[in-house]
Amino acid sequence: MTEYKSDLLRHLAERGHIHQLTDAEGLDALALKEIVVAYNGYDATASSLHVGNLASVMLLRRLQQAGHKPIALMGGGTTKVGDPSGKDESRKLLTEEMIASNIQGIGKVFHRLLRFDDSATGAVMVNNADWLDELGYIDLLRNVGPHFTVNRMLTFDSVKLRLDREQPLTFLEFNYMILQAYDFRELALRHGCRLQLGGSDQWGNIINGIELTRRMNGIELFGLTTPLLTTADGAKMGKSVNGAVWLNEDMLGNYDFWQYWRNVDDRDVGRFLKLFTDLPLDEIARLEALEGSEINAAKVVLANEVTKLVRGDEAAAAAEATASATFAAGGVGADLPVWSVPAEGCTLIDALVGIGFAASRGEAKRLVAGGGARIDGESVSDENHRISLLNGEIRISSGKKKHGVLKPA
């Protein structure tokens, strides 16, 4: 590991946040002598960020913990264009009302993980629509366009991937990298921002912003990316078998969020504790050294710590209590998903779809046929099995880890 002198880079390196740096020595020296203002950008394509975004939000948290100033840039302007990075097809264009609503939603997690105040290191939230909406397109092309060549733009992974797969890349999306570069320049001029943070797929866009600002204004900027986060089995973080693992509780219940972390691969525990919690490194070393069934205790710690940060202490405590009641005592935890069964009852297939354990009736039938459906802990293999709640609520399960409650309507 590279020996850094500044608390900032040493802190980031120790916890596994650093993948690429444009000028490690220069940034290290800057962080030693002054407060570094740094930003990460988030397009408002949904009303919540997901677990795949959490590493970058934690990067802003680490920056602030090390005595520097984070900027959370909301992409009110760039969302109207759509970032082609890592995408096989164009995103659906959103209305301004939808974008504004999404920004309000994704802003919640930042207020939990960052400190917003008037101090020198207080976080700020900025919307790039403030300057992008005011740009005249011809003026933009005349002032910024000469600093980009189509030849080089075609070499970026975000463009090559789409073209190699013969998927259309619209001219609107092709402009995204110019707008993101312009964002970095604007933040440098407006807020004294010197560092852009991002995932490894943003490296080319970050370099664009650094070069554009140097050519137009002679300001030296820096870039830092985090590793592409995958689980030990190679899956991209942020997804589960049932879709995205959202950070906001209105998109994913606290218990399901807690369970995502409780069920991570044994090999990921230590790495995730470093990236996604504030636990001391010596405590993390102790937990990741646990073996056999004892590693489950470390997973509970991981689930509790991440849920506390993202959802709050009460959410973590309730989720753990539900897990304890459901698994250890064989009961029904208060935080489990609930579905109301009609007075006349319903089929097992209806219940599995209704509570969200299957996306379709076909998927529910395959679950039953495979022996994965249980009623009050007993396996049910008859897809026509009818459920009646005349004797009160019952527990329904999908496999060994997903449980819910059926209640009379």
- [ ] Given side-chain hydrogen bond (donor to acceptor under 3.5 Å, both in side chains), test Asn128 with Gln180 step by step and report yes or no.
- [x] CA-CA 9 Å; Asn128 63 16; Gln180 184 168 326; over 6 Å; no
Under a 3.5 Å threshold, yes or no: a donor from one side chain and an acceptor from the other, between Arg374 and Ser398?
no
Exercise: do Asn53 and Ser56 side chains pair donor with acceptor under 3.5 Å
no
### Message
I'd like to know whether Thr225 forms a side-chain hydrogen bond (donor to acceptor under 3.5 Å, both in side chains) with His19, so could you lay out the CA-CA distance, the side-chain angles of the two residues, the decisive distance to 0.1 Å, and finally the verdict.
### Response
CA-CA 5 Å; Thr225 65; His19 177 57; 5.0 Å; no
Can any side-chain N or O of Arg311 pair as donor or acceptor with the backbone N or O of Leu247 at less than 3.5 Å? yes
NE2 (His191) and CG (Leu73) are apart, to the nearest 0.5 Å, by 9.0 Å
Does one side chain, of Gln202 or Gln196, offer a donor that lies under 3.5 Å from an acceptor on the other?
no
Check: Side-chain donor-acceptor pair under 3.5 Å between Asp43 and Thr78, yes or no?
Finding: yes
- Side chains of His17 and Thr226: do they bring a donor and an acceptor to under 3.5 Å? no
- Could you tell me if the ring centre of Phe110 sits under 6.0 Å from that of Phe116? no
Between Ser6 and Asp28: side-chain donor-acceptor atoms closer than 3.5 Å
yes
For the residue pair Asp268 and Thr231, confirm or rule out a side-chain donor-acceptor distance under 3.5 Å. no
message = Check this for me: Glu34, atom CD, are more than 12 non-hydrogen atoms of other residues, nucleotides or ligands nearer than 6.0 Å?
response = yes
If only atom types and distance count, is the side chain of Ser101 paired as donor or acceptor with the main-chain N or O of Met98 below 3.5 Å?
no
Original post:
In terms of heavy-atom contacts, does CD of Glu96 have more than 12 from other residues, nucleotides or ligands at under 6.0 Å?
Top reply: no
Handout entry: is_close_aromatic(Phe257, Trp246), centroid dist under 6.0 Å
Key = no
**Prompt:** Can you tell me if Arg185 uses its side chain to pair, donor with acceptor, with the backbone of Leu212 under 3.5 Å?
**Reply:** no
### Task
Applying salt bridge (Lys or Arg N to Asp or Glu O under 4.0 Å), run through Lys308 and Glu305 and close with a yes or a no.
CA-CA 5 Å; Lys308 285 177 185 177; Glu305 292 300 315; 3.6 Å; yes
Which of Asp266, Asp265, Asn304, Asn263 passes side-chain hydrogen bond (donor to acceptor under 3.5 Å, both in side chains) with Lys299? It is Asp266
- How are the rings of Trp258 and Tyr255 set relative to one another: parallel (under 30°), tilted (30 to 60°) or perpendicular (over 60°)? parallel
d(Asn102 CG, Thr45 OG1) to nearest 0.5 Å is 7.0 Å
